There are 2 protein chains.
Amino acid sequence: MIEEIAKEYMSLIPNVFENFRELNKDSTELTHMQNHVIEYLYMQNRPLKLKEISYGLHVAKQQLTNVIKELEAEGYLIKSPDQKDKRAVLVSLTPKGKEIQDRKWGKIYQKFSENINKLNTEEQLDLKYALHKVNILLNKMRE
Amino acid sequence: MIEEIAKEYMSLIPNVFENFRELNKDSTELTHMQNHVIEYLYMQNRPLKLKEISYGLHVAKQQLTNVIKELEAEGYLIKSPDQKDKRAVLVSLTPKGKEIQDRKWGKIYQKFSENINKLNTEEQLDLKYALHKVNILLNKMRE
DNA sequence: GTCATTAGTAAATAAAGATTTACTAAAAAT
DNA sequence: ATTTTTAGTAAATCTTTATTTACTAATGAC
């Protein structure tokens with residue numbers, strides 16, 4: 001049983017992944033690493049310490065110092081001191097930083113919405129409930 | 001209606017994505033680009049022309065020449081002439097190349113299987129059918 | 001058959017990413 | 001109170017990735 005579920009989950013991955021590769025295709029204004037940082041901040045949706053980014057992205061903190069300095073200089077994010085830990089710095093996206101991600105996710109949204117017309121109404125309804133169920137259960141699994 | 005489905009789909013992405021980031025965490029033997037190439041060949045599961053990889057990965061073909069030469073030299077893939085187009089070269093994974101991916105996907109599988117115990121039997125069944133449905137419908141949408 | 005296009009290669013250069021070592025200052029442990 | 005850890009910064013170095021230009025040989029269009 002578990003084996004079957006795991007297999008279904010794994011077939012899901014390439015599908016989602018394909019969409020994601022498109023996402024960063026033509027971002028000329030930022031480097032990959034800058035993109036990753038912004039993406040991560042966007043997904044986590046809260047101010048992060050440099051260390052948390054380092055951990056989440058599997059990138060050395062020394063590397064981030066510069067990346068983040070650049071991003072700050074160009075107005076994509078701001079740093080503010082952490083009140084709880086005076087060694088730490090909290091990084092969060094500015095509207096400009098958020099907007100870049102909004103645009104990218106907008107593209108996924110748009111592409112998806114176009115393709116959904118290949119399904120008939122009944123299938124669309126099925127998809128909606130199936131996706132909803134999957135989301136709920138996957139989130140429960142992560143807790 | 002379409003809006004609701006798209007939103008559900010988009011909440012799915014970060015979840016799947018998180019797993020994927022782990023995937024390439026500690027691959028010290030290969031560079032990122034080498035990893036991407038092998039990953040792509042593995043997912044497509046057929047011999048690919050250099051140009052197809054270039055297109056699929058959004059990477060200039062000039063870059064791939066070297067990356068692929070390296071990978072070939074180290075035994076991860078082989079090149080063979082395309083019979084239909086004598087300019088082209090078909091690239092495919094060797095067992096050594098496949099194995100590297102098998103190992104990585106094995107980790108996802110394992111991690112997923114562990115977490116699935118957080119769901120009770122009924123939820124597991126629900127997840128199985130929901131995932132199955134989602135896969136079928138998303139594939140239909142891609143056609 | 002000629003000419004433009006396409007697949008791949010090659011080499012040089014520039015830019016970005018990764019690693020190492022070392023430092024400061026706050027926090028946590030003893 | 002002293003020592004050890006931890007968060008972040010800094011600079012040097014090395015590796016990888018990206019870009020530009022140019023070339024060969026097969027293909028496709030005319």
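Because the structure is a prediction, the values reported are computed rather than measured. Convention: sequence-line order gives letters A, B, ...; per-chain numbering from 1.
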Grab the [atom1]-[atom2] distance between [X] and [N] for me, whole Å please.
X	N	atom1	atom2	result
A:Asn35	C:dA16	CG	P	13 Å
A:Asp82	C:dA25	CG	P	19 Å
A:Asn66	C:dT19	CG	P	15 Å
B:Gln63	C:dA7	CD	C1'	17 Å

Take A:Lys104 and A:Gln101 through the test side chain to side chain donor-acceptor pair (under 3.5 Å) and record every step on the way to the result.
CA-CA 5 Å; A:Lys104 290 203 283 184; A:Gln101 283 302 113; 3.1 Å; yes
Does a salt bridge link [X] with [Y], judged by any charged N lying under 4.0 Å from a carboxylate O?
X	Y	value
B:Glu123	B:Lys118	no
B:Arg87	B:Asp85	yes
B:Glu52	B:Arg46	yes

How do A:Gln62 and A:Lys86 order along DNA chain C: which one's closest nucleotide is nearer the 5' end?
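Checking each residue's closest nucleotide, the 5'-ward one belongs to A:Gln62.
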If you find the nucleotide of DNA chain C closest to B:Leu48 and the one closest to A:Lys84, which residue's nucleotide is nearer the 5' end?
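Its nearest nucleotide lies further toward 5', so the answer is B:Leu48.
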Report which part of the nucleic acid [X] touches: base, sugar-phosphate, or nothing (heavy-atom distance under 4.0 Å, all strands).
X	result
A:Lys51	sugar-phosphate
B:Thr31	sugar-phosphate
B:Lys61	base
A:Asp85	sugar-phosphate

Closest heavy-atom contact between A:Tyr40 and A:Ile53?
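Minimum heavy-atom separation between A:Tyr40 and A:Ile53: CE2-CA, 4.0 Å.
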Mind checking which nucleotides bracket the chain B contacts on DNA chain D, 5' to 3', with an atom under 4.0 Å from a heavy atom?
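Going 5' to 3' along DNA chain D, contacts run D:dT16 to D:dT27.
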Less than 4.0 angstrom between a side-chain N/O of B:His32 and OP1 or OP2 of C:dA18, yes or no?
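Looking at the OP1 and OP2 atoms of C:dA18, one of them is under 4.0 Å from a side-chain N or O of B:His32.
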For A:Tyr109 and A:Glu114: C-alpha separation, side-chain torsions, deciding distance, then whether side chain to side chain donor-acceptor pair (under 3.5 Å) applies.
CA-CA 9 Å; A:Tyr109 180 91; A:Glu114 284 165 16; over 6 Å; no
Could you tell me whether B:Lys111 atom NZ has more than 12 heavy atoms of other residues or ligands within 6.0 Å of it?
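More than 12 heavy atoms, drawn from other residues, nucleotides or ligands, come within 6.0 Å of this atom.
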